[in-house]
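Here is the structure we will look at, set down as structure tokens.
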Amino acid sequence: MVDTTRIDSQIQNPHLDGDSFYWPGSNGTGILLIHGFRATSAEVRLLAQRLHLADYTVAGPLLNGHGTNVDHMIQSTHQDWYQSALDSYLMIRDRCSKVIVGGESMGGLLALQLASEFPEIAAVLAYAPALEVTSPLRFALPFAALLSRVIKQITLPEGPPSVVDDRWQGYYAYPARSASELYSLIKLVRSELPKIKQPLLVVQGRKDQLVTTSSANYLMESVGSKVKELVWFDHSEHCVLLDQELESVIETTL
């Protein structure tokens with residue numbers, strides 16, 4: 001039996017629905033939305049709901065190691081996270097004539113990885129893709145594997161209260177072992193960017209405290225796509241899919 005008390009004590013906003021979802025639509029196009037590091041599908045659900053109202057088929061996986069407890073996440077790898085995304089992609093591909101993949105932060109990396117592996121993917125939506133993170137995480141990530149032998153988690157400074165606080169679901173902790181896996185994923189995806197040819201939309205908040213503003217520019221310069229657009233949101237922080245400019249982000253996506 002799962003110890004839900006132990007799980008809830010490790011997860012911010014445990015009352016939110018963060019499970020995997022699949023909502024069939026009628027227009028023949030499927031959209032896969034992938035949540036970020038430590039988070040759950042609650043991170044992409046508000047966008048997903050609006051896309052579904054527009055008759056798209058929408059799916060969002062709960063990535064392996066997420067939404068349960070930190071010990072489970074520590075045991076998972078970036079290959080496990082990709083496998084979760086891949087399973088959802090293959091499922092939605094079998095049901096739709098065209099598929100678009102997208103994700104926020106680490107989910108954006110996984111969407112880009114899928115696009116590099118499957119050229120038939122129609123387009124990519126990258127929300128605050130974590131190709132380059134800010135300090136102090138930027139300096140800690142390359143040493144996260146070594147740090148994980150000494151400490152269990154990395155502590156990041158807390159930001160000011162935000163509308164995101166009540167909308168985001170995920171682990172309070174930042175596991176060092178998992179941060180090492182994130183670093184490996186970042187390096188892998190950066191090497192794959194020239195292979196990506198699909199149309200690309202990149203959405204980035206100007207006030208992002210976790211991903212550098214140069215990350216979006218790097219993606220735009222490195223990707224092989226000829227059709228690409230970068231849209232900035234001046235008042236949004238990292239979780240652009242949950243922040244105060246969400247309505248404008250949805251309109252841009254549609």
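Contact of the Leu51 side chain with the Thr253 side chain is registered, since non-hydrogen atoms from C-beta on lie closer than 4.5 Å. Considering only heavy atoms from C-beta on, Tyr89 comes within 4.5 Å of Ile121 through its side chain. Annotation: side chain of Tyr172 is not in contact with side chain of Val70 (no heavy-atom distance under 4.5 Å). Using a 4.5 Å heavy-atom threshold, the side chains of Ile92 and Thr57 count as touching. Using a 4.5 Å heavy-atom threshold, the side chains of Thr213 and Asp208 count as separate. Within the 4.5 Å cutoff, side-chain heavy atoms of Phe21 are placed close to those of Val58. In this structure the side chain of Leu210 never reaches within 4.5 angstrom of the side chain of Val133, judged on heavy atoms. Counting heavy atoms from C-beta outward, Val202 and Glu229 have side chains that stay 4.5 Å or more apart.
For the pair Glu237 (side chain) and Gln209 (backbone), a donor-acceptor distance under 3.5 Å is absent. Put simply, the side chain of Ser105 never gets that close to the backbone of Gly107: no donor and acceptor are under 3.5 Å apart. Without hydrogens or angle criteria, Ser97 side chain to Gly28 main chain gives a donor-acceptor distance under 3.5 Å. Judged by distance alone, with hydrogens and angles left aside, the side-chain atoms of Asp80 form a donor-acceptor pair with the main-chain N or O of Thr77 at under 3.5 Å. Of the possible donor and acceptor atoms, one in the side chain of Tyr171 sits under 3.5 Å from a partner among the backbone N and O of Thr68. For the pair Ser215 (side chain) and Leu131 (backbone), a donor-acceptor distance under 3.5 Å is present.
A salt bridge links Glu247 to Arg50: at least one charged side-chain nitrogen sits closer than 4.0 Å to a carboxylate oxygen. Between Glu120 and Lys98 there is no salt bridge, since no side-chain N of the basic residue sits under 4.0 Å from a carboxylate O of the acidic one.
Atoms OG1 and CG, on Thr40 and Leu16 in that order, are 7.0 Å from each other to the nearest 0.5 Å. Here Leu125 contributes atom CG and Glu104 contributes atom CD; the two are 12.0 Å apart, rounded to the nearest 0.5 Å. Rounding to the nearest 0.5 Å gives a distance of 11.5 Å between SG of Cys239 and CG of Leu246.
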Subject >> Candidate pair Gln12 and Trp168, rule side-chain hydrogen bond (donor to acceptor under 3.5 Å, both in side chains), full reasoning >> reply: CA-CA 7 Å; Gln12 180 175 321; Trp168 187 85; over 6 Å; no
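In this structure, a donor-acceptor pair under 3.5 Å is absent between the side chains of Gln75 and Asp71. Side-chain atoms of Glu132 and Ser214 include a donor-acceptor pair closer than 3.5 Å.
For the pairing with Ser236, the side-chain hydrogen bond (donor to acceptor under 3.5 Å, both in side chains) check across Lys207, Glu245, Arg206, Gln204 returns one residue only, Glu245. Ser116 pairs in a side chain to side chain contact (heavy atoms under 4.5 Å, CB included) with only one of the listed residues (Gln198, Glu192, Lys197), which is Glu192.
Sorted by first and then second residue, the pairs that involve residues 63-87 and meet ring pair (Phe, Tyr, Trp, His ring centres under 6.0 Å), not counting sequence neighbours, are His35-His66, Phe37-Trp81, His66-Trp81.
The minimum heavy-atom distance linking Ala111 with Val101 is given by the pair O-CG2, 3.6 Å.
Both cation-pi conditions hold for Arg190 and Tyr218: the charged atom is under 6.0 angstrom from the six-membered ring centre and inside a 45 degree cone around its axis. A cation-pi contact, defined as under 6.0 Å to the ring centre and within 45° of the axis, links Arg95 to Tyr22.
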